[in-house]
2 protein chains.
Amino acid sequence: MNRKDIPRIIISRLPVYLRTLQRLQQEGRQTISSQTLGEILGTTAAQIRKDISQFGEFGKQGTGYNIPYLVEQLQHILHLDDIWDVAVVGIGDLGHALARYQGFVDRGFRITALFDNDPEKIGRQIQGLTIEDASLIPSRIPELGIKIAMLTVPVSVAQQTADVLVRAGVRGILNYAPIHLNLPEGVCIEHIDPAIGLQRMTYYIGQRKG
Amino acid sequence: MNRKDIPRIIISRLPVYLRTLQRLQQEGRQTISSQTLGEILGTTAAQIRKDISQFGEFGKQGTGYNIPYLVEQLQHILHLDDIWDVAVVGIGDLGHALARYQGFVDRGFRITALFDNDPEKIGRQIQGLTIEDASLIPSRIPELGIKIAMLTVPVSVAQQTADVLVRAGVRGILNYAPIHLNLPEGVCIEHIDPAIGLQRMTYYIGQRKG
DNA sequence: CTTGATTTGTGATAAAGTTAACAGAAACAC
DNA sequence: GTGTTTCTGTTAACTTTATCACAAATCAAG
Ligand SMILES: NC(=O)c1ccc[n+]([C@@H]2O[C@H](COP(=O)([O-])OP(=O)(O)OC[C@H]3O[C@@H](n4cnc5c(N)ncnc54)[C@H](O)[C@@H]3O)[C@@H](O)[C@H]2O)c1
Ligand SMILES: NC(=O)c1ccc[n+]([C@@H]2O[C@H](COP(=O)([O-])OP(=O)(O)OC[C@H]3O[C@@H](n4cnc5c(N)ncnc54)[C@H](O)[C@@H]3O)[C@@H](O)[C@H]2O)c1
C-alpha cells in the first residue's frame, strides 16, 4: 500500500463513500453490501469493492462491510482521525455562510480563523470567532498551526492571496474564486465554482428555447 | 458530431476553458495557442486541442485560436446563447449568498425565483426578488419556464424537494446538500460539497500531527 | 452437517482517456 | 520568394480506469 501509487480518481471517491456511510451509521445501520451501497450512490458494486480493496480487506464475504468499522478505516485513510483547523479568507456573503455553517465538524474540520481586509469587517464576530486583519495571515496562520484555507475573496486578488497563504504554511486551499490558481508542487488545490456545474448541465439539457 | 457520443469528461472541461477565455477576452487579448492556454490552466496543449476539435476546427495553424470566436463557439456548444433562468430553493445562509451573487449573468445564468418554506422569510426581498412560498413551486416553476434550480435546503428535505422540482419541470439541479440525490433519467444533477474537496486534500497533506 | 444464497477480493478483459508525434497550414523574417 | 518558426487537427501508441466473472469465505436454514 504505497499512498502515492493509488490513483487520484479512487481517492476522489472515498469521501463520497464516507459521507454516505456516516449517514447510514447515524441512522443505526450496522452493515452494508457493495451492491446496496452502489444503489444508494448510483454507482456499481464492483467499483466500490475495487476502490476499498486498495487499502486492505475491510469486508466480509456473505455479510458485506461493517459500517462503523469501515467509517473508521476511511477516516484513517483520509487522515481524518483528528479534526483539522481551517481558515476562511474573505468574509463576504460566501465566507460568512461558510463561517456560520455547522456541518464541517462531523466531517473532520473546524473553522478557527477568519480574515478580511475591509476595516468595516475586521473585529466583528461570527459564531464566537473574530474577523482578523488579512495582513496578519503571515503570523497568525503558523501560530495557529493552520494547514488548510477556504478562499472566498474576489477573483482580482485570489492568486496573490493564495500565494500569501502558501508562504504562511498552508498546504491545501479550497478555492471559491472562479479562476484557476497556480500553486507550487505539494500544495493541494480544489476548485468550487457553481457556474461550471451549471454549464455542464446545460450541454445536456439543450437549448433554452426549442 | 453526435452530442451524446462525446465523452462526458470532455464536456466537463469545456466550462473551464470558457471561463478562462472569457477572462482573457475581457483583458483584451485576441488570440491564444493551446500551449499557452494549457500553461494557464495547468493542463496540456494536446488535451485542449483534442477536446476542442471534437466540435469542429476552430483554430488556425501558426496563430492559435481567436478568443472571441472560440468563446462564442463554446457558448453555443454549451447552450449558453441565451441566458437561463434559475431558481434558488432554500434561502438560508448559502441560498442568500447565491441570490446576492452578481457573477452568474456573465456565465449565462440569471436567478429569477427564490423559494423557502419559513414564514419568517417568505415575502422578504433580496436583490429585488421576493422570496416565495416553497409550496408554490409546482405552479411558479412552469409559469416562469424555469429549467434549472440550485438546491440549498437541509439534507433532511433535499431528496423530497428535488422530487418536487423535477415534477414541476426542472431539468437540472445543482445540489448543495451533502447527500447523493437519486433522480430520474434525463434530469441532470451536479453536487457541490466543500467537505468532499477538503477530504480529498487531507489524504495528500498527511497527518495533522507529525 | 449439508445445501443454497450471499458477498468479498481479485485476476483477466474491455473500455476509455491521455500523450506523443507529425503532416500540413499559416505567419514571419529578410 | 524562400526558409524558418509556429501551431492546429489527427492518427496511433500508450496508459489508465472500469467491468466482468469467479474462487473462496460466510451465513442461514433444515
Ligand atoms: N456569493 C456566491 O454565492 C458566490 C458564488 C460563486 C462564486 N463566488 C466567488 O466567491 C468569492 C467571494 O464571493 P462573495 O459573494 O462572498 O463576495 P464578496 O464581495 O461578498 O466578499 C468578498 C470579501 O473578500 C474581502 N476581501 C477583498 N480583498 C481581500 C483581501 N485582499 N484579503 C482578504 N479579504 C479580502 C472583501 O472585503 C469581502 O468581504 C468571489 O471570488 C466570488 O466570485 C461567490
Ligand atoms: N452554509 C454553508 O456554507 C454550507 C456549506 C456546505 C453545505 N451546505 C449545505 O447547504 C444547505 C443549506 O445550508 P445553509 O447553511 O444555507 O442552511 P440554512 O439552515 O441556513 O438554510 C436552509 C434554508 O432552507 C429552508 N428550508 C427548509 N426546508 C425547506 C423546504 N422543505 N422547502 C424550502 N425551503 C426549506 C430553511 O427555511 C432555510 O432558510 C444544507 O444542506 C447544508 O448542509 C451549506
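Residue numbering restarts at 1 for every chain, and letters A, B, ... go by the order of the sequence lines.
Aromatic ring pairs are classed by plane angle as parallel below 30°, tilted from 30° to 60° and perpendicular above 60°; the pair A/H191 and A/H180 is parallel.
A sub-4.0 Å separation between OP1 or OP2 of C/dT6 and a side-chain N or O of A/Y65 is absent. OP1 or OP2 of C/dT8 lies within a sub-4.0 Å distance of a side-chain N or O belonging to A/S34. Remark: A/R49 is in phosphate contact with C/dT8, judged by side-chain N or O atoms under 4.0 Å from OP1 or OP2. Between D/dT26 and A/T63, no contact under 4.0 Å exists linking OP1 or OP2 to a side-chain N or O.
Between C/dT19, D/dA18, C/dG9, one nucleotide has an atom nearer to the side chain of B/K50 than all others, and that is C/dT19. Closest to the side chain of A/Q47, from the set D/dT26, D/dT19, C/dA27, is D/dT19. Picking from C/dA20, D/dT19, D/dT17 the nucleotide with the shortest atom distance to the side chain of B/A46 gives C/dA20. Distance from the side chain of B/Q61 is smallest to D/dT8 among D/dT8, C/dG9, C/dG17. Between C/dG9, D/dT19, D/dG9, one nucleotide has an atom nearer to the side chain of B/S53 than all others, and that is D/dG9.
A salt bridge links B/D193 to A/R107: at least one charged side-chain nitrogen sits closer than 4.0 Å to a carboxylate oxygen.
Summarising the geometry, atom OG belonging to B/S34 is positioned 5.5 Å from atom OH belonging to B/Y65; distances are rounded to the nearest 0.5 Å. For the atom pair CD of B/Q127 and CG of B/L129, the computed distance is 8.0 Å after rounding to the nearest 0.5 Å. We find the CG-CE distance between B/N175 and B/M150 to be 12.5 Å, quoted to the nearest 0.5 Å.
B/R8 comes within 4.0 angstrom of no nucleic acid atom, judged by non-hydrogen atoms across all strands.
If you take CD1 of A/I52 and P of D/dT17, they are 18 Å apart, rounded to a whole angstrom. Rounded to an integer number of Å, the gap from A/N66 CG to C/dT8 P is 13 Å. Note: CD1 (A/I10) to P (D/dT16) measures 12 Å, nearest angstrom. When rounded to the nearest whole Å, the span between CD1 of B/I6 and P of C/dA16 equals 15 Å. Rounded to an integer number of Å, the gap from A/Q35 CD to D/dT26 P is 21 Å. Between B/I48 atom CD1 and D/dG9 atom P there is a gap of 12 Å when expressed in whole angstrom units. Atoms CD (A/Q73) and P (C/dG9) sit 12 Å apart, rounded to a whole Å. Nucleotide C/dA16 holds its P atom 14 Å from the CD atom of B/Q54, rounded to whole Å.
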Pairs under 3.5 angstrom, nitrogen or oxygen only, protein versus nucleotides 28-30 of chain C, please.
none

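Side-chain atoms of B/E190 never come within 3.5 Å of backbone atoms of B/C188 as a donor-acceptor pair (strictly under, hydrogens ignored).
Comparing B/D51 and B/K60 along DNA chain C, the residue whose closest nucleotide (by nearest heavy atom) sits nearer the 5' end is B/D51. Ranked by how close their nearest DNA chain D nucleotide is to the 5' end, A/G62 and A/I9 are led by A/I9.
Residues A/F58 and A/F55 keep their aromatic ring centres 6.0 Å or farther apart.
Residues A/I141 and A/A168 approach most closely at CG2-O, 3.6 Å, considering heavy atoms.
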